[in-house]
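Shown next, in structure tokens, is the structure this report addresses.
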Amino acid sequence: MDSTQKRKTSQSVYEDVRTLLGDMMQGLTEPVRVREDELAAQLGVSRTPVREALIRLESTGLISLRPGRGALLSPVTDGEYLEWLQLREVLEGFAAREAALNASQRDVERLRALFEPFLTSSVDDRDADAYAQANVTFHEEIIALANNRLLEQVWAAFGHRQTTFRRQTIKRLHRGADSLREHLAMIDAIAQRDADLADRLARAHVHALFDAFQKYRASTDRQQDS
């Protein structure tokens with residue numbers, strides 16, 4: 001196997017390991033140990049590329065490696081999630097601006113299609129899981145449409161910080177209707193190639209989520225203290 005193919009294989013294993021750990025983060029409430037041999041068996045590869053992947057993933061903060069004790073996967077804290085939202089506000093503002101300059105009509109139609117199933121009914125509990133997935137896909141598409149490789153790498157490296165919350169946040173904060181309206185407004189701005197408006201709307205969208213989660217967190221803390 002030549003060095004190019006070897007690098008591709010290592011990258012593929014890295015992405016597979018990251019996906020597996022991301023799936024494990026869903027609903028995680030306490031730290032869990034991650035074993036190299038178990039991951040290697042799941043992926044059908046040797047332990048060496050898995051070990052290399054875990055070392056790379058430690059640099060992103062997804063896991064922590066403990067000498068002789070393996071890797072530890074910990075749930076995202078509320079504070080970490082809020083920090084991620086602060087970064088997202090800047091990243092997605094830039095991404096939406098670039099998307100407005102780059103997106104084709106077909107791209108716009110693809111974005112609109114994500115939310116078509118939710119236009120004729122309210123985004124309630126029955127739609128929560130499907131809408132959450134559409135939401136995740138939408139934001140990934142906006143990042144991709146920015147056509148900025150470094151931005152995509154940053155998103156891929158740190159996107160895990162929304163994993164624990166992302167499939168329940170909209171439902172928990174009762175932001176379904178607001179989220180849908182904000183997404184559609186962003187798509188309209190992109191369709192109109194209004195980069196300034198797309199930037200403002202994207203930032204406002206993430207900031208609204210930040211504010212809503214802060215209030216939710218404060219309310220939860222008060223209930224626990226009472």
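The figures here come from the full heavy-atom set of this structure, side chains too, leaving out hydrogens, waters and symmetry mates.
For Asp211 and Lys215, the salt-bridge test fails: no basic side-chain N is under 4.0 Å from an acidic carboxylate O. Ion pairing between a basic and an acidic side chain is recognised when a charged N comes within 4.0 Å of a carboxylate O; Glu141 and Arg110 show such pairing. Between Arg97 and Asp196, at least one side-chain nitrogen of the basic residue sits less than 4.0 Å from a carboxylate oxygen of the acidic one, meeting the salt-bridge criterion.
No donor-acceptor contact under 3.5 angstrom links the side chains of Tyr216 and His174, judged on distance only. In summary, the side chains of His139 and Glu92 do present a donor paired with an acceptor at a separation below 3.5 Å, with no hydrogens or angles considered. Judged by distance alone, the side chains of Asp16 and Thr19 never bring a donor and an acceptor atom under 3.5 Å apart.
Put simply, the side chain of Glu89 never gets that close to the backbone of Val206: no donor and acceptor are under 3.5 Å apart. Judged purely by atom type and a 3.5 angstrom limit, Tyr131 has no side-chain atom pairing as donor or acceptor with the backbone of Phe115.
Under the 4.5 Å side-chain criterion, counting only non-hydrogen atoms from C-beta, Arg88 is not in contact with Phe210. Between Glu98 and Ile142, every side-chain heavy-atom pair lies at or beyond the 4.5 Å cut-off.
Other residues, nucleotides and ligands place more than 12 heavy atoms under 6.0 Å from the CZ atom of Arg66.
Within the model, atoms CD of Glu140 and CG of Leu114 stand 10.5 Å from one another, a figure rounded to the nearest 0.5 Å.
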